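Take a look at the structure set out below.
No experiment lies behind these values; they were computed from the predicted model shown. Chain naming here is simple, since letters A, B, ... match the order of the sequence lines and numbering starts at 1 in each.
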Amino acid sequence: MRRYCGSLRKKDVGKDVVVKGWVQRTRNLGALVFADIRDREGVVQIVGGKEVGALRPEWVVEIKGKVEEREVKNPSLSTGEIEIKVESMKVLSKAKIPPFHVLDEVDVSEEVRLRYRYIDLRRPRMQRNIILRHRMAMVARTYLDSLGFIEVETPILTKSTPEGARDFLVPSRNYKGKFYALPQSPQLFKQLLMISGLDRYFQLAKCFRDEDLRADRQPEFTQIDVEMSFPQEEQIIEITEGLLKEMFAASGINISVPFPQLTYREAMNRYGSDKPDLRIPYKIDDLTEMSMGGGNRIIEEVIYSGGKLLGMKIPNGLTRKEIDSLNSFIKELSGDGIFWLKIEDGIRGNLKGNEEWKEKLCDSLDLHKGDTAVFVAGKGIKELMGSLRVKAARIKGDVEEGMKFLWVRDFPLFELDSEGNLTSNHHPFTSPANEDVSILEREPLKALSRTYDVVLNGIELGGGGIRINDAELQRKILKILGIEESRFSFLIEALEHGAPPHGGIALGFDRIVMMAAGEESIRDVIAFPKTTSGLCLLTGTPSDVDKPQLRDLGIKITSS
RNA sequence: GGGGUCGUAGCUCAAUUCGGUUAGAGCGCUGGCCUGUCACGCCAGAGGUCGUGGGUUCAAAUCCCAUCGGCCCCGCCA
């Protein structure tokens with residue numbers, strides 16, 4: 001009977017088995033030849049005569065033989081105590097010389113891996129990632145099902161929305177000049193499902209956003225999309241924590257719940273980020289108030305004009321070289337550079353000012369002998385300081401091991417975009433905090449929202465919120481944002497037909513798997529990813545299409 | 001859209017600073033030898049549009065311009 005190569009053990013000695021797999025490598029000693037045969041579960045050594053010596057790497061073979069205990073064992077292999085003595089052998093498929101070895105440790109460029117993805121996916125590490133992804137999807141479905149959530153598929157061909165990311169568009173053949181759009185998320189459909197009375201919905205949903213890519217961003221990606229009726233924020237948070245706990249357990253990682261929570265405001269003030277990496281122990285301090293009269297004219301002028309002085313303690317000091325590299329890092333991010341202080345025998349550093357003030361700064365930052373503090377002065381520098389925090393920790397190696405989850409709550413409802421227009425921080429269907437409804441029009445930027453993001457090690461895993469279920473309030477928000485109500489008239493109308501209070505969350509499934517797999521790019525947990533410029537090197541997508549296809553669609557390509 | 005970095009043999013890289021003989025190495029590949037290997041070993045050999053196009057020059061992998069592609073970052077990502 002057929003067995004997986006990697007499943008054979010000492011207890012199988014004496015059995016007649018068949019294995020089918022790929023030739024990993026041969027070791028030809030003349031009249032005695034060894035070969036490693038690989039399948040999904042691992043490799044096993046076969047041994048035979050000259051005929052085995054004809055095998056070449058990546059040929060697909062069927063081997064019949066008897067499992068025997070090895071004369072010389074290999075303790076570094078799980079099948080290392082046994083081998084298969086070949087009785088008959090069939091080559092099922094020959095193979096070209098592979099572009100690279102199918103081994104985890106072989107160094108090969110991502111370009112080549114993506115070009116030959118089907119070979120790259122033969123590597124144990126990639127198989128482990130893809131299988132882990134499957135397990136985590138299964139666990140998520142089982143968990144949500146057990147809590148009464150119902151998986152519903154929502155359309156892939158849907159309506160373009162004016163806000164948010166660029167849409168991928170699909171031209172309509174029957175209605176020339178009109179377009180479907182691929183969904184950026186199933187947001188509106190899941191709200192409609194709540195209005196439909198489904199009560200609890202989820203979906204492993206494909207989402208599409210036509211924006212520039214990163215190590216953790218692909219043009220198409222998968223969300224675990226969840227929505228429920230009559231929720232409290234705490235309920236959604238608890239359900240999500242349980243979901244993540246189960247999913248990580250599937251990869252053998254135990255995480256403790258509940259996660260700590262920060263408000264957006266706290267996160268920004270203390271960590272300079274709305275997705276802080278809590279593996280880094282540094283915290284940011286606002287030293288603005290104690291710095292008037294400190295004798296540093298540059299900083300005093302910054303404060304006069306509404307800026308701040310932020311400081312951060314780096315325990316156990318930085319060398320001059322490290323300070324220089326942080327300084328150039330900040331300058332590259334268009335900052336003015338950093339100030340620093342270091343306590344040795346006295347206070348040293350490039351921060352000018354009177355001694356009394358400097359001592360106050362040191363006290364306030366709890367600086368002791370050997371410690372360094374870095375400072376940035378200016379307006380809108382919280383995030384700059386946040387970047388400095390991460391950079392300094394990487395330089396110093398002050399990033400702890402482990403999985404540090406947290407919730408960031410109470411995001412502002414609105415923010416200003418680069419052109420100074422009011423936009424939604426989350427999306428236009430997010431409910432404002434009850435107490436802020438009255439200030440929506442007067443002081444929109446001060447209004448908070450009923451939102452929560454879940455963050456792991458500085459990476460945003462997902463976010464959600466309580467939605468608006470009142471048509472009037474939804475109209476008001478759209479009006480404040482300057483969005484034509486008609487774009488969402490179907491939603492408004494639905495809200496007028498009996499909409500329960502509802503809310504939910506959307507989790508980035510690829511990112512969750514990436515973290516659980518210990519990978520640094522979501523490309524490594526997606527079977528067929530695109531490059532950072534959005535190409536598929538395997539298929540050569542995107543590609544030209546035939547003229548008749550375009551004619552059917554009423555599309556003319558203009559040279560750009 | 002912007003910045004950085006890389007592109008030389010099937011793969012990973014060297015030679016590029018400061019132009020100059022025949023562009024090298026390891027792995028892989030091909031052939032030969034080898035009965036306990038497991039990164040098998042030994043001997044011999046083949047293999048190159050130096051990403052692409054243009055320019056400068058007596059001469060370009062090397063200098064200049066453009067362009068294509070990989071990766072990372074900023075902008076962007078409701």
Side-chain angles (χ1 to χ4, degrees), chain A residues 24-37 43-50 52-53 56-58 68 70-77 79-80 83 85 96-103 105-116 119 161-167 183-185 187-188 207-219 221 328-329 332-335 383-384 387 390-391 411 413-415 417-418 421-430 449 451 460 463-465 477-478 481 483 487-488 506 508 520-521 523 529-535 537 540:
Chain A
Q24 176 125 313
R25 182 172 254 148
T26 57
R27 289 175 292 280
N28 190 336
L29 279 65
L32 182 71
V33 183
F34 300 95
D36 296 330
I37 308 299
V43 296
V44 69
Q45 173 168 288
I46 64 167
V47 58
K50 288 228 184 280
V52 178
R56 290 291 176 271
E58 302 311 314
E68 295 184 341
R70 290 197 193 189
E71 282 180 34
V72 184
K73 298 187 173 40
N74 183 349
S76 62
L77 213 58
T79 58
E83 66 193 0
K85 173 83 176 157
K96 285 185 169 180
I97 295 159
F100 53 89
H101 285 293
V102 181
L103 292 170
E105 62 273 19
V106 169
D107 189 20
V108 56
S109 71
E110 198 159 354
E111 196 169 355
V112 175
R113 290 175 54 202
L114 292 173
R115 167 91 177 71
Y116 298 96
I119 296 174
T161 51
E163 282 239 324
R166 261 188 296 275
D167 286 319
Q184 297 177 26
S185 85
Q187 180 59 38
L188 293 171
C207 304
F208 306 85
R209 294 178 191 174
D210 188 7
E211 295 293 345
D212 290 342
L213 307 177
R214 290 282 192 285
D216 61 355
R217 278 171 18 197
Q218 282 276 298
F221 59 99
S328 46
F329 171 75
E332 276 166 27
L333 293 178
S334 78
E383 277 153 316
L384 197 65
S387 307
V390 173
K391 184 75 176 177
F411 282 74
L413 188 62
F414 302 117
E415 61 189 357
D417 69 15
S418 53
N421 301 315
L422 211 57
T423 63
S424 289
N425 188 309
H426 194 56
H427 56 57
F429 321 108
T430 304
S449 60
T451 46
E460 184 192 328
I477 298 279
L478 290 177
L481 288 167
I483 297 172
R487 302 297 296 248
F488 296 110
E520 290 186 352
S521 163
R523 290 187 300 274
K530 308 278 190 292
T531 67
T532 45
S533 59
L535 305 180
L537 298 181

Between [N] and [M], how far is it from one [atom1] atom to the other, in whole Å?
N     : M     : atom1 : result
B/C29 : B/G10 : P     : 14 Å
B/C38 : B/G47 : P     : 31 Å
B/U57 : B/G20 : C1'   : 12 Å
B/C43 : B/C34 : C1'   : 11 Å
B/A66 : B/G28 : C1'   : 36 Å
B/G31 : B/A15 : P     : 34 Å
B/C76 : B/G24 : C1'   : 45 Å
B/G19 : B/U62 : P     : 12 Å

Any strand: nucleotide that pairs with [N] via Watson-Crick or wobble, under 3.5 Å:
N     : result
B/U49 : none
B/U5  : B/G70
B/C42 : B/G32
B/A14 : none
B/G20 : B/C58

Among [options], find the nucleotide with the atom closest to the side chain of [X].
X      : options             : result
A/V108 : B/C11, B/C76, B/G36 : B/C11
A/N28  : B/G31, B/C34, B/G36 : B/C34
A/E111 : B/G69, B/C77, B/U35 : B/G69
A/R214 : B/G36, B/C72, B/C74 : B/C74
A/A215 : B/C72, B/C77, B/C29 : B/C72
A/R209 : B/C77, B/G70, B/C34 : B/C77
A/V72  : B/U35, B/U12, B/U37 : B/U37

So, OP1 or OP2 of [N]: does either fall under 4.0 Å of a side-chain N or O from [X]?
X      : N     : value
A/R56  : B/U30 : yes
A/R27  : B/U37 : no
A/S533 : B/G70 : yes
A/T531 : B/G70 : yes
A/R25  : B/U37 : no
A/R115 : B/C11 : no

Q: Run the salt-bridge test on A/D36 and A/R27 with the 4.0 Å N-O cut-off and return the result as yes or no.
A: yes

**Q.** A/R523/A/E110 ion pair, N-O < 4.0 Å
**A.** yes

Q. Is there a side-chain contact between A/V108 and A/H101 (heavy atoms, below 4.5 Å)?
A. no

Q: Compare all side-chain heavy atoms of A/F414 with those of A/T430 and state whether any distance is below 4.5 angstrom.
A: no

Q. Would A/F100 count as stacked on B/C11 if the rule is ring centres under 5.5 Å and plane angle under 30°?
A. no

Using atom [atom1] of [X] as one end and atom [atom2] of [N] as the other, report the distance to the nearest whole Å.
X      : N     : atom1 : atom2 : answer
A/K50  : B/U35 : NZ    : P     : 7 Å
A/R70  : B/U37 : CZ    : C1'   : 9 Å
A/L29  : B/G36 : CG    : P     : 6 Å
A/R166 : B/C77 : CZ    : P     : 9 Å
A/Q24  : B/G28 : CD    : P     : 13 Å
A/K530 : B/G69 : NZ    : P     : 15 Å
A/L32  : B/U35 : CG    : P     : 8 Å
A/E211 : B/C77 : CD    : P     : 6 Å

Classify the nucleic acid contact of [X] as base, sugar-phosphate or nothing, counting any heavy atom under 4.0 Å across all strands shown.
X      : result
A/E383 : nothing
A/E105 : nothing
A/A165 : sugar-phosphate
A/D210 : nothing
A/L535 : sugar-phosphate
A/S109 : sugar-phosphate
A/E110 : sugar-phosphate

Say whether, by atom type as modelled, one donor and one acceptor occur between the side chain of [X] and the main chain of [Y] under 3.5 angstrom.
X      : Y      : answer
A/T79  : A/V43  : yes
A/Q184 : A/G164 : no
A/T26  : A/G53  : no
A/Q218 : A/K530 : yes

Q.
Any donor-acceptor pair, under 3.5 Å, between the side chain of A/R113 and the base of B/G70, if you only look at N and O atoms?
A. no

Q: Count the heavy atoms belonging to other residues, nucleotides or ligands that lie under 6.0 Å from CD of A/E211, then report whether that count exceeds 12.
A: yes

(Q) On RNA chain B, compare the nucleotides closest to A/D107 and A/G30; which residue's is nearer the 5' end? (A) A/D107

Q. More 5' along RNA chain B: A/V112 or A/V47, using each one's nearest nucleotide?
A. A/V112

